[in-house]
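If you're wondering where the values come from, they're calculated on a predicted model, not measured in any experiment. Residues take their numbers from the sequence shown, with the count starting at 1.
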Amino acid sequence: MMTATPGGEAFSGPGAPRAGRGVLAGAIGTAALAGLLFGFDTAVIAGVTGDLTSLFELTPETLGVTVSAALWGTLVGALFAGKPGDIFGSRDSLRVLAILYFVAGLGCALASNWPLFLGFRFICGLAIGGSSVLAPVYIAEIAPPRHRGFLVGLFQLMIVTGILVAYLSNATIVGLVDGGGAWRWKLGVTAVPALVFFVLLFAIPDSPRWLVAKGRRDEAGAALARIGLPETELRRTEQALERDPHGERLSWRRHRRPMLLAILVAMFNQLAGINAVLYYLNDIFARAGSLSPDRQAVLIGIANLVFTLVGMALIDRLGRKTLLLIGAAGMTLCLAAAAGVLFGWIDKELMLPALIGFIAFFATSQGAVIWVYISEIFPTPVRARGSALGASTHWLMNALIAGVFPIFVAWSPGAPFAIFAAAMVLQFIVVATVFPETRGIDLDEMDRRMEQR
C-alpha cells in the first residue's frame, strides 16, 4: 500500500501502488515535454537565418527583428499565462499552448512573406513563454517535496535537450533535403513533438492542489489516488487555503517576499549573460579568433546538458541556495577570464575553456534552480500568477540584454563580460543575505514560512 512520511509525503517503495507511480511519472514527464518544445523552438531559428535573409532580403536590422520576434512573444506569453493557469488549471492551459506550438511550427514553415513569418514566430513565443510558467507549476504541485527540486528540474533538462535536438535536426535535414526548401522542413518538424505533447496531456490528471483551491474536493481526491499520493495532502492544502481565504489576487502587500525573490532570481539569471552568450556565440568566438561555429554549438550544447544533469543531481542534496552561491562564484571567475581574453589581457586560447566553465557553473546553479525556485515559493491560489511574474521578468531581461549586447560589444568586446561578472558578485551577496533555502519543504509549509517575514 501507499506509505507516507510523517509530513504526509508519499514515497515509492515495495508497497506503493505501481499504477500510481506510473501515472505520477507520466504526468511529470508529459509536463516536462513542454521544456523540450521550449528549447527546440527557441534554438531552431539558428539554422535558418541565412535562408531567411536571402528569401526575404533581410538587412542586419530586420534579421534582428526576425530572430527576436519569438523572444518578445515569450514575454507576453509569460506575463499573461498565470491568470488562465489559476482559473483553468495548468494542465488545460498547456493544451492550448500545445496547439499554439503546432500552429506556429506549420505556419513558419509555410509562410509566404516576412510579416506572416514574424506573426507565426510571435505565436511560437507565446507558447514558449506560457509553458515556462505553467509546466514547472504543474510539476511542483504534484511532486513529493523530497524530490521536488529534481522533478521540476526535469523541465530545465528538457530545455537543454530540446536545444541539442534542434541542432541535430537542422544538421540532419540539411543532409536529407536538397535545394532551398530545407529551412521550411527545419521549422515544420517542430509541429511533430507539439502534436505528441497535445495528445499526452489528455492522459494526465489536473493538479490536486489546484482542484482543492477550486473547491472540487472529490475530484482532487480522485486525482491524488491516480498519482499515488496520500489523502492527507488534501487536508494540508485545505489548511493552507484557510489561512489565505482571499488569496485569489497577487498583491505586493500580501505576497511581497515571494514576489521579490521571484524577480531577483529571474533578473540574476539573465544578468549572468547566458542567453546573450548563446545568441551571439559565433560572433564571440570570431572576435576571440578561435574554433569553428559547428564545433562551438556542439561543445557548448553538450556542456549545457551534462552540467544540467549535475545540477539536478545536487539540487535536492545541497539545496537551491547553496547551488546559487557556488554558481555565482564560479561564473564570476569564468566571465572575468572571458573579459580578459576579449580585452587582450590573456591568451585567446582560454576563451573556449572560460565559456565552457561559465556554461558548467550556470547550468549547475541558475539553470537548474530558477524554474524550481519560482514554482515553489508562492501560495497555491496565486502560484501560477506568481510564477508568471518571475518568468516575465526573466524574458524581459532576456530581451533587453540581447538587444544591447551587440552595442556594447561594438564599443568594447570585453565590456559586457566584465558587467556580467560584476552582476554575479552582486548575486552572491544578495543570495547569501536574502534568499531562504527551500529544499525538502512541503509547499504548504512554505506558505507559512513566507508569511513569517
Side-chain angles (χ1 to χ4, degrees), residues 35-74 77 97-129 131 159-198 275 278-286 292-301 304 398-399 402 406:
L36 184 134
L37 288 165
F38 177 148
F40 196 164
D41 284 72
T42 300
V44 72
I45 192 72
V48 300
T49 52
D51 298 285
L52 295 176
T53 299
S54 299
L55 180 66
F56 298 132
E57 299 180 345
L58 301 179
T59 65
E61 292 75 18
T62 53
L63 177 61
V65 172
T66 304
V67 173
S68 64
L71 195 58
W72 290 106
T74 61
L97 297 179
I99 294 172
L100 294 183
Y101 273 121
F102 182 80
V103 170
L106 290 183
C108 287
L110 300 173
S112 57
N113 57 64
W114 185 56
L116 197 60
F117 183 85
L118 290 183
F120 282 115
R121 281 299 288 175
F122 185 83
I123 292 173
C124 180
L126 293 177
I128 295 171
S131 60
I159 292 173
V160 298
T161 301
I163 292 171
L164 275 179
V165 168
Y167 294 153
L168 293 172
S169 174
N170 286 344
T172 301
I173 289 172
V174 166
L176 295 176
V177 179
D178 295 326
W183 72 272
R184 295 187 183 275
W185 284 98
K186 291 178 182 179
L187 295 167
V189 75
T190 62
V192 176
L195 182 60
V196 173
F197 182 48
F198 179 75
N275 283 323
L278 294 178
Y279 296 158
Y280 299 102
L281 191 60
N282 289 3
D283 294 335
I284 293 169
F285 275 106
S292 69
D294 289 338
R295 288 180 61 196
Q296 294 163 22
V298 172
L299 290 173
I300 295 298
N304 204 1
N398 187 353

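Distance check: Leu36 CG to Thr190 OG1 gives 11.0 Å after rounding to the nearest 0.5 Å. Here CH2 of Trp72 is found 14.5 Å from CG of Leu118. Values are rounded to the nearest 0.5 Å. Remark: Arg121 CZ to Leu126 CG distance equals 11.5 Å, nearest 0.5 Å. Separating the CH2 atom in Trp183 from the CD1 atom in Ile45 is a distance of 9.0 Å, to the nearest 0.5 Å.
Annotation for Leu97 and Ser131: closest pair CD1-N, 3.3 Å, computed over non-hydrogen atoms. Heavy-atom minimum distance, Val44 versus Lys186: CG2-O, 3.4 Å. Between Ile173 and Ala182, the shortest heavy-atom contact is CG2-O, 3.7 Å. The two residues Cys108 and Phe120 come nearest to each other via the heavy atoms SG-CB, 3.6 Å.
Not counting sequence neighbours, the partners of Thr53 by the side-chain contact (heavy atoms from CB on, under 4.5 Å) test are Leu58, Leu63. In this structure, the side-chain contact (heavy atoms from CB on, under 4.5 Å) partners of Val165, at least two apart in sequence or on a different chain, are Phe40, Thr161. In terms of the side-chain contact (heavy atoms from CB on, under 4.5 Å) criterion, residue partners of Leu106 (sequence neighbours excluded) are, by chain and number, Phe102, Ala191. Looking at residues two or more places apart in sequence or on another chain, you find no ring-ring contact (aromatic ring centres under 6.0 Å, His included) involving Phe117. Partners of Leu37 according to the side-chain contact (heavy atoms from CB on, under 4.5 Å) rule, which considers only residues two or more places apart in sequence or in another chain, are Asp41, Tyr101, Pro193, Ala194, Phe197. For the side-chain hydrogen bond (donor to acceptor under 3.5 Å, both in side chains) test, no residue two or more places apart in sequence or in another chain qualifies with Ser169.
Formation of a donor-acceptor pair under 3.5 Å by the Ser54 side chain with backbone atoms of Asp51 is not found in this model. No side-chain donor-acceptor contact under 3.5 Å links Thr42 to the backbone of Gly39.
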Please test Leu52 against Glu57 for side chain to side chain contact (heavy atoms under 4.5 Å, CB included), starting from the C-alpha separation and ending with a verdict.
CA-CA 8 Å; Leu52 295 176; Glu57 299 180 345; over 6 Å; no
In a table with atom names and distances, give each donor-acceptor pair under 3.5 Å that connects a side chain of residues 109-116 to protein atoms at least two apart or in another chain.
residue : atom : partner : partner atom : Å
Asn113  : OD1  : Leu116  : N            : 2.8
Trp114  : NE1  : Thr66   : OG1          : 2.7

